[in-house]
Engineer: 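Okay, here's the structure, questions in a sec.
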Protein chains: 2
Amino acid sequence: MNRGSSPPPPARRPTIADVARAAGVSKGAASYALNGRSGVSEATRSRVVAAADALGFRASSAARALAGARSGVAGLTLRRPARTLAVEPFYMELITGLEAGLAAHSYSLLLQVVHDHGHEIEVHRRWRHDHSVDGVLICDVGVDDGRVAALEESGFPAVVIGPPSASGGLAGIWSDDGVSLAEAVRYLVALGHRRIARVGGLPHLAHTEIRTRTFTALAAELGLDSAVTVPSDYSGEDGARVTRELLGVRERPTALVYDNDIMAVAGLAAAQGMGLSVPHDLSIVAWDDSPVCRLVRPPLTALVRDISAYGTRAARLLLAAIDGRPVGSVHDEPAHLSPRGSTAPPP
Amino acid sequence: MNRGSSPPPPARRPTIADVARAAGVSKGAASYALNGRSGVSEATRSRVVAAADALGFRASSAARALAGARSGVAGLTLRRPARTLAVEPFYMELITGLEAGLAAHSYSLLLQVVHDHGHEIEVHRRWRHDHSVDGVLICDVGVDDGRVAALEESGFPAVVIGPPSASGGLAGIWSDDGVSLAEAVRYLVALGHRRIARVGGLPHLAHTEIRTRTFTALAAELGLDSAVTVPSDYSGEDGARVTRELLGVRERPTALVYDNDIMAVAGLAAAQGMGLSVPHDLSIVAWDDSPVCRLVRPPLTALVRDISAYGTRAARLLLAAIDGRPVGSVHDEPAHLSPRGSTAPPP
DNA sequence: GCGGCGTGCTTAACCGCGTAAGTACCTGGA
DNA sequence: TCCAGGTACTTACGCGGTTAAGCACGCCGC
């Protein structure tokens with residue numbers, strides 16, 4: 001086979017020059033054709049495209065990046081919080097969703113764990129300079145987040161995974177935590193609860209702030225006897241500590257809402273350790289469901305949303321921003337309550 | 001200030017040409033100096049280096065990649081298994097560890113979720129061609145894994161996160177699961193257990209196979225009455241199902257060892273749902289500890305290892321391989337048993 | 001019949017780096 | 001004195017794309 005009659009195909013991956021040669025045009029024309037730009041006839045374009053996928057051509061991302069064009073990579077920076085990164089399924093689910101949304105457009109994900117916001121801004125700058133990334137995603141936005149301002153100023157395509165109140169002029173995706181919290185609280189009130197407490201997340205985060213504000217407003221509206229929010233660092237240990245603290249008083253709450261799944265599970269164990277029966281003596285609601293919520297006994301009533309789909313939509317939003325299409329803040333379906341065994345009427 | 005006497009510094013990020021100009025040498029000399037290659041005097045080298053960090057120079061990774069040099073990026077491909085990716089803390093912990101190990105050498109991590117091994121091999125090929133990645137890490141190796149052969153053949157720097165038996169000629173990092181399993185089983189036997197069952201992971205994975213073989217051998221050596229391994233897909237649902245199956249027979253096991261944390265937690269709930277008391281009626285051991293193991297009641301006895309550190313060592317190994325330093329299979333500290341409340345003498 | 005213009009393509013100059021090949025200079029040995 | 005050989009550097013090209021500028025050609029109106 002291939003007895004020298006035809007030149008052997010190049011062993012290396014084909015470059016755009018190979019495609020151009022095969023299609024009988026110049027490198028430049030091939031580039032125009034492949035990128036859907038004007039300046040080539042439709043006939044030529046289809047010839048080039050045919051040649052390209054006959055050869056299995058895929059442009060080198062490095063070369064594209066160097067020439068100032070798209071790199072086909074989206075960047076995600078994650079600030080490593082004390083211990084929550086690995087523990088909460090949230091991030092990994094978000095990442096798989098992002099990845100799926102990006103992969104559908106042949107984009108890949110560059111991940112960088114950072115120490116603080118300063119470092120994060122520096123990473124964004126470097127990425128931008130290198131063209132190693134076409135746009136970035138940030139999450140866990142704070143109420144007054146330096147990253148947002150820096151990105152806005154730079155004009156770099158960016159998507160904020162967080163509420164519009166913290167996104168400035170950047171594109172963002174969010175789900176309305178106020179609606180979800182209201183659903184949970186109204187459900188508890190309907191069951192008869194009057195003393196509800198919330199184990200909140202890190203207070204400086206924008207979504208925590210929204211939840212806390214909603215919770216307070218809701219308590220006033222529904223005339224609850226008591227409705228406090230105690231902040232935490234999202235860790236199981238802290239969740240257990242706060243739970244014991246909340247349950248240690250005389251007029252203890254009859255229902256607890258937790259800002260993440262890990263704390264809810266820890267809180268359940270803490271309550272049971274104090275001799276309380278869930279849901280008989282105490283109702284528990286977890287925010288953001290995860291498989292562990294369904295695995296403990298009783299299974300936890302939770303505010304459920306599809307985090308992976310959330311990530312996919314965020315990815316699509318970023319791709320739109322990269323394409324220069326106008327993007328605003330879209331809001332995803334809010335989390336909805338899935339009642340399970342951990343909620344019941346108060347004693 | 002800067003009244004035209006000296007040329008204003010470039011607003012764009014400095015390139016190597018700027019550094020060369022500042023140091024009064026040619027671009028080429030600057031490149032040699034910065035990359036620690038011979039051909040420049042020590043005096044010149046230090047002048048160049050000084051100029052570089054006075055200007056805050058960082059080489060463009062795209063340009064380096066294009067020129068065939070290092071890109072400063074390591075690639076990790078993750079096959080998305082049914083549902084385990086997001087659920088098991090393992091991956092996220094591994095990733096943070098990897099990231100830390102890479103960041104220490106200014107490397108970053110490119111993550112790609114793939115559908116199957118074919119896709120994965122294709123991704124590796126593309127990365128290699130593009131120079132977009134200097135080396136790759138693979139995990140969840142199977143007993144006869146096509147990826148290993150493909151990588152070996154290509155000669156691309158790669159590190160297998162898995163046992164040497166499945167790593168072929170590639171560098172690998174592993175912890176001796178046989179030792180860990182033996183520790184757990186001997187501990188249970190010392191407590192008096194004679195009927196121990198194991199809820200294993202996906203049977204085709206190399207480490208599952210090692211664990212299963214060790215378990216069988218150990219049972220023979222210790223003369224256990226029964227010691228079966230039932231495979232599973234690592235999901236909580238499957239863990240619960242297998243648990244019910246194992247406990248539904250007359251001469252049921254008095255101790256269960258689970259191949260991951262999620263199944264152990266699910267198994268605990270399943271057993272409790274059948275009216276069994278843990279650890280009184282049944283002892284449970286989880287493999288790979290995670291915060292949830294400590295949050296459930298009783299807290300689960302687990303085989304503990306520092307997964308993040310494991311990732312960091314894997315990263316270092318890959319960097320060594322990229323540098324062309326000889327690397328073999330290093331083995332990490334095996335997981336050790338941390339007895340908690342879920343193990344006790346049999347009834 | 002001729003200048004002007006849009007179309008479709010080619011040419012060539014980059015992007016920022018690495019590096020082989022070339023050059024200038026110094027040293028030392030015959 | 002002259003040349004071989006090493007050192008320290010410069011020059012120039014290539015990596016694989018993108019893209020501004022240039023050019024040939026057909027078509028139009030006057």
Side-chain angles (χ1 to χ4, degrees), chain A residues 10-49 51-52 55-73 106 126-132 134, chain B residues 10-48 51-52 55-73 106 126-134:
Chain A
R12 51 185 183 72
R13 282 258 313 234
T15 72
I16 200 171
D18 298 319
V19 173
R21 199 175 311 121
V25 295
S26 71
K27 251 177 54 177
S31 175
Y32 286 136
L34 291 172
N35 292 313
R37 297 179 41 137
S38 62
V40 286
S41 68
E42 272 317 310
T44 304
R45 187 189 305 280
S46 55
R47 244 183 28 252
V48 171
V49 169
L55 291 171
F57 169 77
R58 284 278 319 244
S60 150
S61 54
R64 296 182 63 121
L66 186 56
R70 306 280 171 73
S71 65
V73 179
S106 304
R126 197 180 68 230
W127 279 349
R128 194 162 101 87
H129 169 255
D130 284 356
H131 296 274
S132 53
D134 297 337
Chain B
R12 50 185 182 73
R13 280 259 313 236
T15 71
I16 201 172
D18 298 319
V19 173
R21 199 175 312 121
V25 294
S26 72
K27 252 178 49 179
S31 176
Y32 286 137
L34 291 172
N35 292 314
R37 298 182 40 137
S38 62
V40 286
S41 67
E42 272 318 310
T44 303
R45 187 189 305 281
S46 55
R47 244 182 31 251
V48 171
L55 291 171
F57 169 76
R58 284 277 318 242
S60 150
S61 54
R64 296 183 58 116
L66 187 56
R70 305 280 171 73
S71 64
V73 179
S106 303
R126 197 179 68 230
W127 278 349
R128 193 162 101 86
H129 168 255
D130 285 356
H131 296 275
S132 51
V133 144
D134 297 336

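Letters go in sequence order (proteins before strands), and every chain restarts at 1. Computed from a predicted model, the values in this text were never measured in an experiment.
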Engineer: Within the 4.0 Å heavy-atom criterion, would you say Ile16(B) contacts the bases, only the backbone, or no part of the nucleic acid?
Structural biologist: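 It contacts sugar-phosphate atoms only.
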
Engineer: Please report the interatomic distance CD1(Ile16(B)) to OG(Ser31(B)), rounded to the nearest 0.5 Å.
Structural biologist: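 Answer for the CD1-OG pair, Ile16(B) versus Ser31(B), is 4.5 Å.
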
Engineer: From the 5' end of DNA chain C to its 3' end, which nucleotides mark the outer limits of contact with chain A, defined by a 4.0 Å heavy-atom distance cut-off (strictly under)?
Structural biologist: dG8(C) to dG16(C)

Engineer: Taking the side chain as everything from C-beta on, heavy atoms only, tell me whether Arg13(A) gets closer than 4.5 Å to Arg126(B).
Structural biologist: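 Counting from C-beta outward, Arg13(A) and Arg126(B) do come under 4.5 Å.
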
Engineer: Could you tell me which residues satisfy salt bridge (charged side-chain N to carboxylate O under 4.0 Å, His left out) with Arg47(A), sequence neighbours excluded, listed by chain and number?
Structural biologist: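 With sequence neighbours excluded, Arg47(A) shows a salt bridge (charged side-chain N to carboxylate O under 4.0 Å, His left out) to no residue whatsoever.
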
Engineer: Sequence neighbours left out, what passes side-chain contact (heavy atoms from CB on, under 4.5 Å) with Ser26(A)? Give chain and number order.
Structural biologist: Ala29(A)

Engineer: Please report the end-to-end axis angle for the helix from dG1(C)-dC30(D) to dA30(C)-dT1(D), five pairs per end, rounded to 10 degrees.
Structural biologist: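 It works out to 60° between the end axes.
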
Engineer: With sequence neighbours left out, write down each residue that passes side chain to side chain donor-acceptor pair (under 3.5 Å) with Arg128(A), or none if nothing qualifies.
Structural biologist: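 Partners of Arg128(A) under the side chain to side chain donor-acceptor pair (under 3.5 Å) test: none.
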
Engineer: Ala52(B): which residues meet the side-chain contact (heavy atoms from CB on, under 4.5 Å) condition with it, sequence neighbours left out?
Structural biologist: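 Result, side-chain contact (heavy atoms from CB on, under 4.5 Å) vs Ala52(B): Val19(B), Leu34(B), Phe57(B).
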
Engineer: I need the minimum non-hydrogen distance between Ala22(A) and Ala51(A), along with the two atoms involved.
Structural biologist: CB-CB, 4.1 Å

Engineer: Run the side chain to side chain donor-acceptor pair (under 3.5 Å) test against Ser132(A) and tell me which residues pass, sequence neighbours left out.
Structural biologist: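 Side chain to side chain donor-acceptor pair (under 3.5 Å) check on Ser132(A) returns nothing, list empty.
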
Engineer: Give one of base, sugar-phosphate or nothing for Gly39(A), where a contact means two heavy atoms less than 4.0 Å apart.
Structural biologist: base

Engineer: On DNA chain D, which is the earliest and which the latest nucleotide, 5' to 3', with an atom closer than 4.0 Å to a heavy atom of chain A?
Structural biologist: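 The footprint of chain A covers dG16(D) to dA20(D).
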
Engineer: With sequence neighbours left out, write down each residue that passes salt bridge (charged side-chain N to carboxylate O under 4.0 Å, His left out) with Arg58(A), or none if nothing qualifies.
Structural biologist: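 None.
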
Engineer: Please collect all salt bridge (Lys or Arg N to Asp or Glu O under 4.0 Å) contacts where either partner lies in residues 24-37 of chain B, sequence neighbours excluded, each pair once.
Structural biologist: none

Engineer: Could you say whether Thr44(B) or Ala67(B) is positioned toward the 5' end of DNA chain D, judged by the nucleotide with the nearest heavy atom to each?
Structural biologist: Thr44(B)

Engineer: Rounded to the nearest 0.5 Å, how far does CG of Asn35(B) lie from CZ of Arg45(B)?
Structural biologist: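 One gets 9.5 Å once the value is rounded to the nearest 0.5 Å.
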
Engineer: On DNA chain C, nearest-nucleotide positions of Ser60(B) versus Val40(A): which is more 5'?
Structural biologist: Val40(A)

Engineer: By a strict heavy-atom criterion of less than 4.0 Å, which residues belonging to residues 25-38 of chain A are in contact with DNA chain D?
Structural biologist: Lys27(A), Gly28(A), Ser31(A), Tyr32(A), Asn35(A), Arg37(A)

Engineer: Strictly distance-based, threshold 3.5 Å: is any side-chain N or O of Arg64(B) a donor or acceptor partner for the main-chain N or O of Ala69(B)?
Structural biologist: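 The answer is no, because no donor-acceptor pair under 3.5 Å joins these two groups.
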
Engineer: Only counting residues at least two apart or in another chain, list the ones meeting side-chain contact (heavy atoms from CB on, under 4.5 Å) with Arg21(B).
Structural biologist: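 Only Ala17(B), Asp18(B) meet the side-chain contact (heavy atoms from CB on, under 4.5 Å) criterion with Arg21(B).
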
